[in-house]
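Accompanying notes for the structure given below.
Note that ligands are numbered from 1 as they come in the structure, with each ligand's atoms numbered from 1 the same way.
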Amino acid sequence: MSELTFTHTIDGKAETSKASFDVINPATAQPFAKCPDASREQLDRAVAAARTAFGPWKRKSFAERRRAITDFAHGLAARIDEIGPVLTQEQGKPLGQAKWEIGGAAHELEAMCNMELKPEVLRNDGKHRIELIYHPLGVVGAIAPWNFPIILAAHKIAHGLYAGNTMVLKPSPYTPLATLLMGEVARDTLPPGVLNTLAGGNDLGAWITEHPGIDRISFTGSVPTGKRVMASAAGTLKRVTLELGGNDPAIILEDADIEAITPSLFRGAFLNAGQICMAVKRIYAPEKLYEPLVEGLSKLARTHRVGDGMEPDTEMGPLQNRMQFDKVMDLIEDTKRHKNVRITAGGHSLNRPGYFIAPTVVADADDDMRLVREEQFGPVLPVLRYTDVDDAVRRANDSPFGLCASVWTKDFERGAEIARQIEAGTVWINHHVGSEADMPFGGFKQSGLGRELGMLGLASYMEPQVVKVPLA
Ligand code: NAD
């Protein structure tokens with residue numbers, strides 16, 4: 001068991017709870033640490049502390065808040081070597097990638113505070129001056145998933161706090177520990193009550209969404225939970241953003257250089273064991289390039305080093321939890337029942353403790369398979385054939401999801417033309433996976449509601465107000 005102790009951060013102070021739960025290391029399937037389980041009374045006190053902190057925090061200028069968030073970012077970066085192994089042990093990802101996530105979070109915290117929503121004069125016609133100004137909303141309830149606990153929380157913290165709000169942040173019960181350590185950084189760098197971190201089960205999430213003292217919900221997680229969050233937030237008409245699941249298509253055009261793009265496609269599908277909302281989840285390839293692409297991907301899959309993230313050579317860790325492992329194995333079993341399908345790499349779990357699945361490539365997949373229609377959120381990639389690119393776009397769009405997509409071609413402008421026809425919040429040309437501070441991120445259709453990052457993300461943490469002033 002870990003020798004570290006983990007505490008909530010409420011009003012700038014460490015707190016434990018009467019109740020606790022085990023955190024499982026997915027590489028061993030064994031508990032490795034205990035996490036305090038916040039009570040409703042602790043949530044009430046965290047919300048009250050955030051409410052008290054809101055007054056002085058909202059009166060600070062953007063520049064003052066930027067300075068405080070920069071201190072927080074530097075404090076986080078200074079503890080990468082300590083927080084990294086905790087993130088690897090609770091989440092499963094290789095240590096280098098865990099450290100990259102924490103470093104990336106520190107970077108994004110700063111980069112996202114390099115913009116400002118300025119008041120505008122909409123009209124000044126001699127009779128009236130009409131101003132548009134922005135107010136922070138109040139207390140934000142932030143709820144994060146288990147795949148990228150730190151960087152996804154950082155996105156919420158950056159714009160939520162920078163806009164002048166205060167926050168209660170809840171990590172997933174599968175990966176709460178690194179986030180609680182991030183709360184310790186907040187104790188040292190931010191005024192008490194501005195950022196409170198509380199760990200607990202799904203009940204704690206539901207209490208947050210219905211809490212009358214919370215004004216805004218920022219949720220990242222699955223579509224079914226997102227729907228529950230929206231329904232619950234309706235009780236007090238909280239402002240809500242939902243960053244939900246995806247089933248991202250990658251469309252390969254006939255002129256693509258298969259040898260050059262295969263490693264990028266592979267990374268886009270298998271990074272973090274495929275547990276990325278915006279991973280490549282289905283590939284559409286033209287007949288001419290189909291076999292070389294399947295062969296190239298399968299070769300990479302067969303040689304990809306899968307193991308415990310604490311071992312230095314590991315390139316891909318386990319699935320994060322038992323439920324996700326079972327779900328992905330069930331999709332693999334369902335795939336095997338389709339007669340014409342070829343599994344050209346993987347297709348099985350690893351014979352060792354922990355939730356390991358071999359990187360799997362599925363050739364001759366068809367549109368109606370569950371693996372193609374559902375979000376697999378794991379290391380299993382279906383490759384589909386197409387003959388007509390308009391038909392590939394139609395099939396790519398035939399989904400309730402619409403998070404991200406990509407088009408792969410040497411002709412960038414033709415790629416952009418096709419990108420504009422795809423129903424997704426972000427479409428890359430010759431790239432897949434990644435977020436940038438100034439690029440608004442979010443989903444079409446059931447992949448979400450609203451945007452995080454960029455000016456649209458910052459604006460979503462503020463309430464616009466119009467002031468109409470007579471001039472004569
Ligand atoms: P999940 O929906 O099971 O849980 C997400 C969070 O919601 C957890 O903190 C959980 O405790 C909490 N929660 C559970 N029930 C709740 C309730 N009734 N009310 C409030 N909160 C509740 O999601 P997950 O399995 O942790 O994450 C995987 C999913 O997240 C995938 O579908 C993935 O695509 C999606 N995701 C989306 C993005 C994005 O930016 N669009 C990013 C990462 C992950």
Do any nitrogen or oxygen atoms of ligand 1 lie under 3.5 Å from a protein nitrogen or oxygen, and which ones?
from     : atom 1 : to   : atom 2 : distance (Å)
ligand 1 : 2 (O)  : S222 : N      : 2.9
ligand 1 : 2 (O)  : S222 : OG     : 2.7
ligand 1 : 2 (O)  : T225 : OG1    : 2.8
ligand 1 : 9 (O)  : A144 : O      : 2.7
ligand 1 : 9 (O)  : K170 : NZ     : 3.0
ligand 1 : 11 (O) : K170 : NZ     : 2.8
ligand 1 : 11 (O) : N202 : OD1    : 2.7
ligand 1 : 19 (N) : A206 : N      : 3.4
ligand 1 : 23 (O) : S222 : N      : 3.3
ligand 1 : 25 (O) : W146 : NE1    : 2.9
ligand 1 : 26 (O) : W146 : NE1    : 3.2
ligand 1 : 30 (O) : G221 : O      : 3.2
ligand 1 : 32 (O) : E375 : OE1    : 2.8
ligand 1 : 34 (O) : E375 : OE2    : 2.7
ligand 1 : 41 (N) : L244 : N      : 3.2
ligand 1 : 41 (N) : L244 : O      : 2.7

Review item, side-chain donor-acceptor pairs of residues 141-149, under 3.5 Å, at least two apart:
from : atom 1 : to   : atom 2 : distance (Å)
N147 : ND2    : Q275 : O      : 3.2

query = Taking E90 for the side chain and A178 for the main chain, is one N or O donor matched with an acceptor at less than 3.5 Å?
reply = yes
task = Just jot down the salt bridge (charged side-chain N to carboxylate O under 4.0 Å, His left out) partners of K93, sequence neighbours excluded, or say none.
result = E101
request  = Without swapping roles, check the side chain of S447 against the backbone of G245 for a donor-acceptor pair under 3.5 Å.
outcome  = yes
ask   = Taking the inter-plane angle between the rings of H431 and W428 on a 0 to 90° scale, is it parallel (under 30°), tilted (30 to 60°) or perpendicular (over 60°)?
value = perpendicular
I'd like a table of donor-acceptor pairs (distance under 3.5 Å, sequence neighbours excluded) in which one partner is a side-chain atom from residues 229-242, with atom names and distances.
from : atom 1 : to   : atom 2 : distance (Å)
S232 : OG     : T209 : OG1    : 2.8
T236 : OG1    : K238 : NZ     : 2.6
K238 : NZ     : T209 : O      : 3.1
K238 : NZ     : H211 : O      : 2.9
R239 : NE     : E463 : OE1    : 3.2
R239 : NH1    : L237 : O      : 3.0
R239 : NH2    : E463 : OE1    : 3.2
T241 : OG1    : R216 : NH1    : 2.9

